[in-house]
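Since the structure comes first, as structure tokens, the remarks are kept for the end.
Each chain gets a letter, A, B and so on, in the order its sequence line appears, and its residues count up from 1.
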There are 4 protein chains.
Amino acid sequence: MPSVLVAGASGYAGALAARLIDRHPRFELAAITSRGEAGKRHSDVYPHHRVNVVMEELDLERHGDVDAAIVAYPHGASAPVVAALLERGARVVDLSADFRLRDVATYERWYVKHPHPELIGQAVYGLTELYREEIARARLVAIPGCFPTAAILALAPLARADLIADVVIDAKTGVSGAGRGLREDTQFVAVDENVRPYGVGEHRHMAELDQELAPLVAAFTPHLLPLDQGELLSCYITPTRQVTQSELEACFEQAYAGERFIDLVARAPGVRDVRETNICAINAHADERTGKLFVFAAIDNLWKGTSSAAVANLNLMFGFDEGDGI
Amino acid sequence: MPSVLVAGASGYAGALAARLIDRHPRFELAAITSRGEAGKRHSDVYPHHRVNVVMEELDLERHGDVDAAIVAYPHGASAPVVAALLERGARVVDLSADFRLRDVATYERWYVKHPHPELIGQAVYGLTELYREEIARARLVAIPGCFPTAAILALAPLARADLIADVVIDAKTGVSGAGRGLREDTQFVAVDENVRPYGVGEHRHMAELDQELAPLVAAFTPHLLPLDQGELLSCYITPTRQVTQSELEACFEQAYAGERFIDLVARAPGVRDVRETNICAINAHADERTGKLFVFAAIDNLWKGTSSAAVANLNLMFGFDEGDGI
Amino acid sequence: MPSVLVAGASGYAGALAARLIDRHPRFELAAITSRGEAGKRHSDVYPHHRVNVVMEELDLERHGDVDAAIVAYPHGASAPVVAALLERGARVVDLSADFRLRDVATYERWYVKHPHPELIGQAVYGLTELYREEIARARLVAIPGCFPTAAILALAPLARADLIADVVIDAKTGVSGAGRGLREDTQFVAVDENVRPYGVGEHRHMAELDQELAPLVAAFTPHLLPLDQGELLSCYITPTRQVTQSELEACFEQAYAGERFIDLVARAPGVRDVRETNICAINAHADERTGKLFVFAAIDNLWKGTSSAAVANLNLMFGFDEGDGI
Amino acid sequence: MPSVLVAGASGYAGALAARLIDRHPRFELAAITSRGEAGKRHSDVYPHHRVNVVMEELDLERHGDVDAAIVAYPHGASAPVVAALLERGARVVDLSADFRLRDVATYERWYVKHPHPELIGQAVYGLTELYREEIARARLVAIPGCFPTAAILALAPLARADLIADVVIDAKTGVSGAGRGLREDTQFVAVDENVRPYGVGEHRHMAELDQELAPLVAAFTPHLLPLDQGELLSCYITPTRQVTQSELEACFEQAYAGERFIDLVARAPGVRDVRETNICAINAHADERTGKLFVFAAIDNLWKGTSSAAVANLNLMFGFDEGDGI
């Protein structure tokens, strides 16, 4: 069985990736590492994941000889680890933003100076529904941000058909999307009984949207909700021409025929419907009153939005069934 | 002190209205009635409101001789009670939809056959910021729906300035907005850890929006959130011409100069910021990237969205300070 | 592979049992039935369970020839179905209270007239940690109530060692334990931002506690919490003699040596630690200040408290590994 | 009107105290101070409190000449400020633990070295129902901890009647009780869908319980719940002799006759029943099955448990009606 390292297993995304690999029928969990909590058992930090393995300090001498790695480091910190693992021959799935953007300047405008711009060309954008063949051949996959995952899946069929003149994306997300760091705005009392827009006009995920939906420039605003896991995108589209409900549905059915992890549903989905699954549930509505098209897409930000997506990509990279272990 | 009847005090809105009148420095609570829970003490059903008064079966002989009434009945059931109370000389604030729409046909398309169309002409739309003078002279006020309240306050300044070419309203609401009736979709397990659009393309509040924002036809979609009280509207506007941030802010400042219950805030508001207040908090953002205008408006759906608004209207109708008792 | 019928798959417990059997590596899901929602697809009611099977009206002619059945009917309604299935040769795991109590009179005091008292003698109380051998030989297993499951696991080691003079059990449970029926006290607005004791002095699960912990009579009070799945029992024991922390820990370690689904943890567990697992996490504290022993036990009421427990029992009845499929 | 300084207005308790004084009909808010957020407007941090006042750095020269002060500092930091204010002639209500314990050694065992032990003798324990007359004459009042407030109100009537042989207190609290500091265990994701005991065997409030309930030594364990404000204490009492339900009720009715802020209720209260009130709701149950007495007490930890209690004490100290402004 191919061996897999999970680097950065103490954050929410890395912790879930470790669990999925630990239970995976075709991969072996080689080791898990953590920068801040090395020495702790994974199950002491995340008891319900039931991963009874000690998190170690990353040591490429000891951990680098693996068949594959999932890297769950913050942007900027991830690229050097990815580079070192690639150098040793491992195939790498990166959860950070470091290899999502194909344009270095764009990356550096939103994030930091890129530590390894020479690797960007190798990276495949790990949205399996759109780039399945490239992923299968890739040595480096960049998992999309959770918002772009749902947004692109919601909009790509219409964008390809040149049906989008203008689009507004209103995103709603649970708190786990903000990561595990201590912040005042993710304290229970700040979030409970509240809903608030954030990153208005300046959320980093917009750069990914621009790249993947070009030449469209989508208006995008995320909102923080009092729930743990789950993300709903409400997309309001001004079409380039009149579109009927049946035409709209046909467009999605054709685009996603045979896609096991896309659920085209008959009524607008809730995030509970996809909780702890690799599914993106999509509902499309041609609004007679306004002539607009509404597309609602729900995912679990930690699963389809990050960690089960990472495993699906890894499955493809090793020729396994895309759904193994998730 | 003028005496006030609260009819329909066992639902969330009527119960809060009863509390506000009970503690009001200038009104006297004459009686509270309930169709389903007559005989129960208000404080047995809503202990934290501390209204130690028994809810009675409505009896116009006994209850009709009041100076004013707040009627919190469902649509269709409200109009006959309103008519009878007006007949006896009471001034009436109605929380239902029965007198919000000036066009009978529109009302009947969305609701039921109108029981008292002859009274529609008398009714004033009870949005104090827009109709303060008419309210002061009114004998019948129809409190706007909670969504229209926030939407109109968010959009009216721009609409009046002819700045809106197109608008998408994404609304997020707590569960109390659905009322107290038993429904599967408001059970705890259905709402908790969830967010879901509802009434897609067919929410009744759209008729009010159309009436007040005409000739604009706004796209409007509400979403149910796992919280009790609170409503956030995210409005995405395509302007008729380019608008700068400072011009945008000036537009709102001018429109709401001197309005005590409008808070123009510097960052996008959360619903916690206005919890249990008569405030609508508004933040406007001119989005350079897309050229759109984003307006966020937060209210407490039971307070500014319904019951404290009712009291503010009643204050105006009796020549009191608009903020008395709220 | 043995075939399994899940009867009553539209409630929370039956729905989860259907999912677990549907994904089970050693059982085949023969059919799922529902009394109130026959004709609907399981995945329409519980999308995240991903069980793409239509729920049928129970028809013993068509559904009765199975190797085993999990029956998730309300008490009183369950026994006749269980009897019919046993008659046809199926092995049955019953989730209701109908076969938990060995004494008919006790059952009838708390519930209804027992429809099949003659079968009570056949039933094994399905707490695998205590009755593993009897379960392996059983044709009928009664899954314990969720509160008794956690309470007995928390107290049995001390009770067997005759260390309990007196015990108070304070139970905290999520809302899913109340089932899916529409009730005012499980509406979101009633539960949110609240905690309330219920069934004070009269909860039916006390009869099971009395049976299994006799001659102890435990004080027991459940509380409803604003969360979906999860149950925490805080047990306060006056011991028959002084017990040290190390003696206390030794008592639990000895009792549960080799038990894979009991986690003896070093600090008091939260219900999140065992969410969606078949684990009971237990922590014991000898309180020097009062001389009392505190035992905290956390389970997922729908998993270890009901449906994964049902599958564990079924595994044992068919000679499979107890943890298969859960 | 007497002027009141609120020192430490950026924490939850001080912020609420500032709001209550700001709206109080008989006190004038002289100034509000904050150690960490001086310069910010109160309404920027707590918009819904609507206190449009800038928080200042505490400067006794400028702020010390007030008639009274509410000090909401952490333990240890509070005593010096209290001492300085007393020195200048202000009457002081202290929300910290610094003057709750009459025994210096006990204080120092649980907290830190006491900065002003000479003042302990002057302090009155600010539980109005028990010490109303002493409070009226006091220059320094120490507001009880939120758990002791509810526990003592629940148990004092039985303790005075010598009816308690043994008592177990199981406390459940919302997250605001932990204060506003950033902590991993109060992050949304740690609290949501969870319930966990904490401070097992070592919570500081036990010292207050011992002092006020002596010679009783109560077993006491708090649990953290996914809600903001609210605290429920479930007290399980082994009585010194058999007590009937009617005798139990009579005991409480006699103890609390005429107490406006004690609600003796017919069924076990939820914390929602007392949300944002100065009320302690109490229900007592004589459990025939076990012979024990169950007493349930619900308060809002920030109101009756801290800040509205502070205002009630201040009212008494100035000869005002105890309920003014709360």
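- Within 6.0 Å of atom CD in Glu288(B), 12 or fewer heavy atoms from other residues, nucleotides or ligands are found, so the atom counts as exposed in its surroundings.
- Looking at every heavy atom in both residues, Gly270(B) comes nearest to Arg196(A) through N-NH1, 3.4 Å.
- Within a 6.0 Å sphere centred on CZ of Arg267(A), other residues, nucleotides and ligands contribute 12 heavy atoms or fewer.
- The choice from Val200(B), Asn283(B), Thr238(B) that makes the most heavy-atom pairs within less than 4.5 Å of chain A is Val200(B).
- Taking chain A as the reference chain and counting heavy-atom pairs below 4.5 Å, the highest number among Thr290(B), Val271(B), Leu225(B), Val217(B) is found for Val271(B).
- Using a 4.5 Å cut-off between heavy atoms, Ala218(B) touches chain A through its backbone atoms (N, CA, C, O) alone.
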Pair Asp210(A)-Arg289(B), side-chain contact (heavy atoms from CB on, under 4.5 Å): steps then yes or no: CA-CA 11 Å; Asp210(A) 286 352; Arg289(B) 194 167 153 275; 2.6 Å; yes
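- At a 4.5 Å heavy-atom cutoff, the contact between Pro269(A) and chain B is made by backbone atoms alone.
- Here the NE2 atom belonging to His223(B) is positioned 6.5 Å from the CG atom belonging to Asp170(A), to the nearest 0.5 angstrom.
- The contact between Val168(B) and chain A is made entirely by side chain atoms (from C-beta outward), counting heavy-atom distances below 4.5 Å.
- Of the possible polar contacts, one joining the Arg272(A) side chain to the Asp192(B) backbone as a donor-acceptor pair under 3.5 Å is found.
- For the pair Asn194(A)/Arg275(B), no side-chain contact is recorded, criterion being any heavy-atom separation below 4.5 Å from C-beta on.
- For Pro226(B), the parts lying under 4.5 angstrom from a heavy atom of chain A are both the backbone and the side chain.
- Both the backbone and the side chain of Val189(B) have a heavy atom closer than 4.5 Å to some heavy atom of chain A.
- There is no contact between Ala298(A) and chain B, counting heavy-atom distances below 4.5 Å.
- Separating the CD atom in Glu193(B) from the CG atom in Asp228(A) is a distance of 5.5 Å, to the nearest 0.5 Å.
- There is no contact between Glu231(B) and chain A, counting heavy-atom distances below 4.5 Å.
- Ranked by heavy-atom pairs shorter than 4.5 Å toward chain A, the options Asp166(B), Thr221(B), Asp287(B) are led by Thr221(B).
- Per-residue heavy-atom pair counts under 4.5 Å with chain A were compared for Ala219(B), Gly230(B), Ala286(B), Gly291(B), and the maximum is reached by Ala219(B).
- Taking both residues in full, the closest heavy atoms of Pro197(B) and Leu232(A) are given as CD-CD2, 3.8 Å, listed atom of the first, atom of the second, then distance.
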